[in-house]
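Everything numeric in this text was worked out from a predicted model, so none of it was measured. Chain identifiers are assigned alphabetically (A, B, ...) following the order of the sequence lines, protein sequences preceding nucleic acid strands; residue numbering begins at 1 within each chain. Atom set for the values below is all heavy atoms of this structure, side chains included, hydrogens, waters and symmetry mates excluded.
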There are 2 protein chains.
Amino acid sequence: MTTNQLVQEIKKKKSFLCIGLDVDLNKIPPHLLKEEDSIFAFNKAIIDATHHLCVAYKPNTAFYEAYGLKGWKALEKTINYLNEKHPEIFTIADAKRGDIGNTSAMYAKAFFEDLAFDSVTVAPYMGKDSVEPFLAFENKHTILLALTSNQGAFDFQTKTVDGKELYKQVLETSKTWEHSENLMYVVGATKAEYLADIRHIIPDSFLLVPGVGAQGGNLQDVCKYGMNNQIGLLINSSRGIIYASNEDDFAKAAALKAKELQQEMAIILNK
Amino acid sequence: MTTNQLVQEIKKKKSFLCIGLDVDLNKIPPHLLKEEDSIFAFNKAIIDATHHLCVAYKPNTAFYEAYGLKGWKALEKTINYLNEKHPEIFTIADAKRGDIGNTSAMYAKAFFEDLAFDSVTVAPYMGKDSVEPFLAFENKHTILLALTSNQGAFDFQTKTVDGKELYKQVLETSKTWEHSENLMYVVGATKAEYLADIRHIIPDSFLLVPGVGAQGGNLQDVCKYGMNNQIGLLINSSRGIIYASNEDDFAKAAALKAKELQQEMAIILNK
């Protein structure tokens with residue numbers, strides 16, 4: 001999918017919501033545990049109930065790997081279901097991968113070719129040659145960790161490196177990499193005030209913003225500082241939506257929560 | 001496995017060799033492609049031929065994920081084979097994971113419980129709460145990326161942060177984390193002269209050292225600067241050993257290459 005197609009979809013749905021599909025078998029409605037593939041059954045119900053309210057889905061691979069082969073199979077079924085039923089929706093493998101060049105190329109193959117995700121999250125610690133193999137894929141997107149939403153972000157990311165915070169060095173350095181037009185960035189909502197500075201460095205890039213809702217970030221602030229003239233934001237919510245209820249009505253409850261966020265977004269977009 | 005058991009195994013075998021099981025179906029002997037599970041068939045042959053010469057095996061997860069479900073199944077069979085046949089051998093999931101706390105806990109479960117690896121490699125970019133869920137597992141080891149062996153290491157890792165290189169900040173900060181006694185570190189052999197400084201910060205920790213052989217690092221230099229009184233080194237070689245031949249004799253050729261390295265190590269240990 002091209003960035004332009006994503007922008008069109010945002011305008012059409014009046015939503016820049018991304019729903020995180022982080023399936024924890026301890027949290028889903030108990031009646032689903034009887035299903036042959038409980039993880040996929042949960043995802044399918046969530047997708048069926050919310051696809052008109054969001055423009056992206058983001059399964060975090062950790063939640064699938066934790067269930068071994070069964071989990072990997074559910075991930076495969078989920079992405080296939082999305083690509084068949086809703087090819088207009090942007091898909092993100094939240095995998096936070098990164099390795100030396102030839103190895104990163106294997107990860108890129110896994111997520112872009114075999115699983116056919118539109119994008120994958122990548123960690124920057126190993127530098128240029130660990131990220132460029134992902135960037136080489138046309139119309140695929142590499143979402144680089146810049147400033148994450150957790151407390152540990154302050155351990156290294158906000159430390160000053162040669163006169164500038166590490167996450168800003170990551171932003172600036174990454175702009176010099178080959179096919180940097182395929183970069184997007186993770187920027188946590190819990191640090192919305194940082195977004196103004198970030199927009200000076202990368203005015204045009206899409207930002208994937210976790211941390212709205214469960215982690216305490218505020219949508220209005222994020223939009224105020226982070227939105228650009230192509231919107232340029234994907235706001236992720238995971239637990240706040242998918243675990244709104246763990247009764248029979250879980251999918252409906254998820255849709256209600258998604259709709260709340262979508263309507264807030266529509267008001268912002270209509271301004 | 002405890003660190004002490006690993007040290008005993010090193011002394012017994014006179015080897016601190018780790019063999020990287022990075023299976024690429026384009027590089028393995030063509031006759032293996034007829035096998036039902038070519039990846040596992042390759043690994044089993046390599047393990048059978050080399051287990052007496054090394055103390056650790058390290059599958060890099062990228063090479064398995066690139067083959068989807070088939071790859072994940074082969075990884076599972078490989079670790080199960082190692083744990084059944086050679087429980088005295090230290091196993092490393094080279095996965096370079098790391099995410100916010102509750103998500104890192106899922107990765108830790110995946111690699112330490114379901115797959116029952118002794119250790120996993122983890123990226124430090126997201127800080128303390130992304131690493132501590134791994135450290136919480138008793139007698140399991142978290143191998144933190146410090147200074148990697150690739151060119152991209154110079155993009156951020158060696159940059160100066162508050163008067164000290166980032167990788168040194170990672171080493172020092174990580175020592176303050178809960179259960180830091182379960183930490184080991186990745187330090188590339190291509191930067192052997194950095195090892196003296198590193199040993200000042202973490203005198204007692206084990207170092208996993210990639211980059212000897214194919215990536216140009218030198219074993220003598222690594223040992224000169226990096227060895228401590230408990231040896232404290234695992235030297236990894238992947239391509240140099242497992243792809244020594246792609247004919248019928250591949251396992252024998254791998255054993256010969258492994259033996260060359262083991263004999264060099266025995267001389268160093270006997271000094």
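- At a 4.5 Å heavy-atom cutoff, the contact between B:Lys73 and chain A is made by backbone and side-chain atoms alike.
- Heavy atoms closer than 4.5 Å to chain A are found in both the backbone and the side chain of B:Tyr125.
- Ranked by heavy-atom pairs under 4.5 Å with chain B, the list A:Thr160, A:Asp24, A:Thr61 is led by A:Thr160.
- The part of B:Thr173 that comes within reach of chain A is its side chain, from C-beta onward, which places non-hydrogen atoms under 4.5 angstrom from that chain.
- One finds no salt bridge joining A:Lys77 and A:Glu35 here, because no Lys/Arg side-chain nitrogen approaches an Asp/Glu carboxylate oxygen to under 4.0 Å.
- Remark: A:Lys109 qualifies as a cation-pi partner of B:Tyr67 under the 6.0 Å distance and 45° angle criteria applied to the six-membered ring.
- Remark: the B:Ser180 side chain and the B:Asn182 side chain contain no N/O donor-acceptor pair separated by less than 3.5 Å.
- Residues B:Phe40 and B:Tyr81 bring their aromatic ring centres within 6.0 Å.
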Item to check | A:Asp94 and A:Lys96: CA distance, side-chain angles, deciding distance, salt bridge (charged side-chain N to carboxylate O under 4.0 Å, His left out) verdict | outcome: CA-CA 6 Å; A:Asp94 194 2; A:Lys96 300 187 175 70; 2.8 Å; yes

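- Heavy-atom distances place both the backbone and the side chain of B:Asp162 under 4.5 Å from chain A.
- Across A:Leu69, A:Asp155, A:Thr148, the residue that shares the most heavy-atom pairs under 4.5 angstrom with chain B is A:Leu69.
- Here B:Glu84 does not pair with B:Lys44 in a salt bridge; the nearest charged N to carboxylate O distance is not below 4.0 Å.
- Here the side chain of B:Ser205 pairs no donor or acceptor atom with the backbone of B:Ile202 at under 3.5 angstrom.
- Partner of B:Tyr57 under the side-chain contact (heavy atoms from CB on, under 4.5 Å) criterion, out of B:Leu21, B:Ile79, B:Asn43: B:Leu21 alone.
- Contact count versus chain A (heavy atoms, under 4.5 Å) is highest, among B:Pro124, B:Ala123, B:Gly68, for B:Pro124.
- Note: B:Tyr194 and B:Tyr167 have perpendicular aromatic rings, judged against thresholds of 30 and 60 degrees for the angle between ring planes.
- Residues of residues 112-122 of chain A placed with any heavy atom under 4.5 Å of a heavy atom in chain B are listed by number as A:Asp114.
- In terms of modelled atom types and a separation under 3.5 Å, the side chain of A:Gln157 and the main chain of A:Leu166 share no donor-acceptor contact.
- Side chain of B:Glu132 to main chain of B:Glu178: a donor-acceptor pair is present (N/O by atom type, distance under 3.5 Å, no hydrogens or angles).
- Inspection of non-hydrogen atoms places B:Leu145 of residues 137-145 of chain B under 4.5 Å from chain A.
- Ranked by heavy-atom pairs under 4.5 Å with chain A, the first of B:Ala110, B:Ala153, B:Ala62 is B:Ala62.
- Interface remark: B:Tyr64 contributes no atoms to any contact with chain A (heavy atom separation under 4.5 Å).
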Checklist entry - Can you check salt bridge (charged side-chain N to carboxylate O under 4.0 Å, His left out) on A:Glu172 and A:Lys175, steps first, answer last? => result CA-CA 5 Å; A:Glu172 292 199 341; A:Lys175 284 168 67 177; over 6 Å; no

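- For B:Thr78 (side chain) and B:Ala74 (main-chain N/O), a donor-acceptor pair under 3.5 Å exists by modelled atom type.
- Seen from the ring of B:Phe154, A:Lys128 does not count as a face-on cation partner, given the 6.0 Å and 45° thresholds.
- For A:Phe156, the part lying under 4.5 angstrom from a heavy atom of chain B is the side chain only.
- Looking at B:Val131, there are no atoms closer than 4.5 Å to chain A (heavy atoms on both sides), in backbone or side chain.
- Contact annotation for B:Glu76: only side-chain heavy atoms (C-beta onward) come within less than 4.5 Å of a heavy atom of chain A.
- Taking the six-membered ring for Trp and the full ring otherwise, A:Phe250 and A:Phe42 have centroids separated by under 6.0 Å.
- Note: B:Asp129 leads B:Asp22, B:Leu147, B:Asp129 in heavy-atom pairs under 4.5 Å with chain A.
- A 6.0 Å sphere centred on CD of A:Glu193 holds more than 12 heavy atoms belonging to other residues, nucleotides or ligands.
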